[in-house]
Amino acid sequence: MRTILLGEPGAGKGTYSLELVKRYGIPQISTGDMLRAAVRAGTALGLKAQEFMKKGELVPDSVVIGLIRERIAQPDAAKGFILDGFPRTVPQAVSLDETLTELGISLSSVFKIEVSRETLIKRLTGRRVCKACGTTYNIDTMRPLKEGICDKCGGELIQRPDDMPATIENRLSVYHKDTAPLIEYYEKKGLLRRASCEGEYEDVIARIFAALEKGATV
Ligand code: AP5
Ligand code: MG
C-alpha cells in the first residue's frame, strides 16, 4: 500500500499513520516529523525550516521535495509507505508523481480525513508531545497515565510551539489556500477516499481501514 493521509492540521494524520504502520508493517513518512528532527539537531536545514514552522507557514517546496525523494527510495519503503503531511502543495504533488514514475511505482490511494473545525481546534489545543521521544497525547482525549509525563519513556510532555492559538489560525488558513486544492487533484485521478474521523476512536480506525482497503492492494 502506498497512501497519502490528507487533512487539516490536527485532523489526526500522525495518530492514524501509527495505526496503519501497526496493521500493514510499512513506514510512516512525515515531513513534519523529519523537519522537527532537523530543528532539534540544529542542522542548516533545521534552522531554515524553523523560521517558517514557528509562524505556521509552509517550508519551501524545494526543501521538502528533496527530503521525500531520498526517503521514498530507502529500502524500508519498497513494500509501501504512508505519507503524512506531504504533499501539501500542487507543485509537491507533481514532483511526487515524477518521483514515483522514476521508481516505477504508483499510489494506491489518497485518504482525506474529515473532521469539523471545532474538533480540529480542540485536538490541537489539547495536544501534548513528549520532548524526548515525540509520542503524542491529548489532555482531553488521549491522556498519559501520569499528567505531564510520557508513558513510554518518562520524558516531559510539552505543547508544540506551533500549537499556540494565533499560529493554529495561520496553519488552518495556509491549509485552505495551498493544500485543499490537492483534494481535486487526486479526485480527478480517481484516488481520493474519505471518511468522517469524528466519534469513538475505535470506530474511526475501523472506518479508515474500511475506506483504505476498498479496492486497494495491501
Ligand atoms: P505537520 O507536523 O505535518 O503538522 P500539521 O499538518 O499541521 O498536522 P499536525 O501534526 O498538527 O496534526 P495531525 O493531523 O498529525 O494530528 P495528530 O495525529 O497529531 O507540519 C508542521 C509544519 O511543518 C507545517 O506547518 C510546515 O511549516 C512544515 N511542513 C511539514 N510538511 C510540510 C510540507 N510537505 N511542505 C511544507 N512545509 C511542511 O492529532 C492531533 C491531536 O488530536 C493529538 O493530540 C491526538 O492525540 C488527538 N487525536 C487525533 N485523532 C483523535 C481521535 N480520533 N480521537 C481523539 N483524539 C484524537
Ligand atoms: Mg502530525
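Just so you know, these numbers come straight off a predicted model, no measurement behind them. For ligands, and for the atoms within them, numbers begin at 1 and follow the listed sequence. Hydrogens, waters and symmetry mates play no part in the numbers below; they use all other heavy atoms, side chains included.
- When only interatomic distances are considered, the shortest N/O to N/O separation between Y201 and ligand 1 does not fall below 3.5 Å.
- Contact annotation: for V59 versus ligand 1, heavy atoms closer than 4.0 Å belong to both the backbone and the side chain.
- With a 4.0 Å heavy-atom cut-off, ligand 1 is reached by the side chain of L124 but not by its N, CA, C or O.
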- What do the steps show when you test V110 against L182 for side-chain contact (heavy atoms from CB on, under 4.5 Å), and what is the final call? CA-CA 10 Å; V110 175; L182 294 181; over 6 Å; no

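- Counting heavy atoms from C-beta on, the side chains of Q159 and R127 never come closer than 4.5 Å.
- The protein atom (non-hydrogen) at minimum distance from atom 29 (N) of ligand 1 is L35 CD1, 3.5 Å.
- Residue contacts with ligand 1: G12 is placed with a nitrogen or oxygen under 3.5 Å of a nitrogen or oxygen of the ligand (distance criterion only).
- Nearest to atom 32 (C) of ligand 1 among the protein's heavy atoms is R88 CD, 3.4 Å.
- The pair D33-R40 does not count as a salt bridge, with every side-chain nitrogen at least 4.0 angstrom from each carboxylate oxygen.
- Remark: ligand 1 and T15 share an N or O pair separated by less than 3.5 Å (distance only, no angle test).
- Under the 4.5 Å side-chain criterion, counting only non-hydrogen atoms from C-beta, I158 is in contact with V129.
- Ion pairing of R71 with D76 is present here, as a side-chain N (NZ or NE/NH1/NH2) and a carboxylate O approach within less than 4.0 Å.
- Note: an N/O pair closer than 3.5 Å links G14 and ligand 1 by distance alone.
- A salt bridge links E187 with R194; the closest basic N to acidic carboxylate O contact falls under 4.0 Å.
- A distance of 12.0 Å separates CG of L67 from CZ of R69, quoted to the nearest 0.5 Å.
- Under 3.5 Å, the side chains of T3 and S109 contain a donor-acceptor pair of N or O atoms.
- Residue contacts with ligand 1, taken as heavy atom pairs separated by less than 4.0 Å, involve Y16 solely via side-chain atoms from C-beta onward.
- Under 4.0 Å from ligand 1, the heavy atoms of E57 that appear belong solely to its backbone.
- At a heavy-atom distance under 4.0 Å, no atom of V63 approaches ligand 1.
- Checked options K48, K54, M53; the residue passing with E51 is K54 (criterion: side chain to side chain contact (heavy atoms under 4.5 Å, CB included)).
- Across K54, R143, K122, K13, heavy-atom proximity to atom 8 (O) of ligand 1 is greatest for K13.
- Residue-to-ligand polar distances place N138 within reach of ligand 1: an N/O pair is separated by less than 3.5 Å.
- Among the atoms of Y137, some N or O lies under 3.5 angstrom from an N or O of ligand 1.
- Residue D163 forms a salt bridge (Lys or Arg N to Asp or Glu O under 4.0 Å) with just one option from R123, R128, R171, and that option is R171.
- Put simply, CG on D84 and CG on L6 are 10.5 Å apart, with the number rounded to the nearest 0.5 Å.
- Ligand 1 has no N or O atom lying under 3.5 Å from any N or O atom of D33, backbone or side chain.
- Salt bridge present: E213 and R23 bring a charged side-chain N and a carboxylate O closer than 4.0 Å.
- With a heavy-atom cut-off of 4.0 Å, M53 touches ligand 1 through backbone and side chain alike.
- Proximity annotation for atom 21 (C) of ligand 1: of R171, R160, R127, R160 comes nearest, heavy atoms only.
- Between G7 and ligand 1, no N or O atom pair is found at a separation short of 3.5 Å.
- At under 3.5 Å, not a single nitrogen or oxygen of L58, backbone or side chain, sits near a nitrogen or oxygen of ligand 1.
- Considering both main-chain and side-chain atoms, G10 comes within under 3.5 Å of ligand 1 through a nitrogen or oxygen pair.
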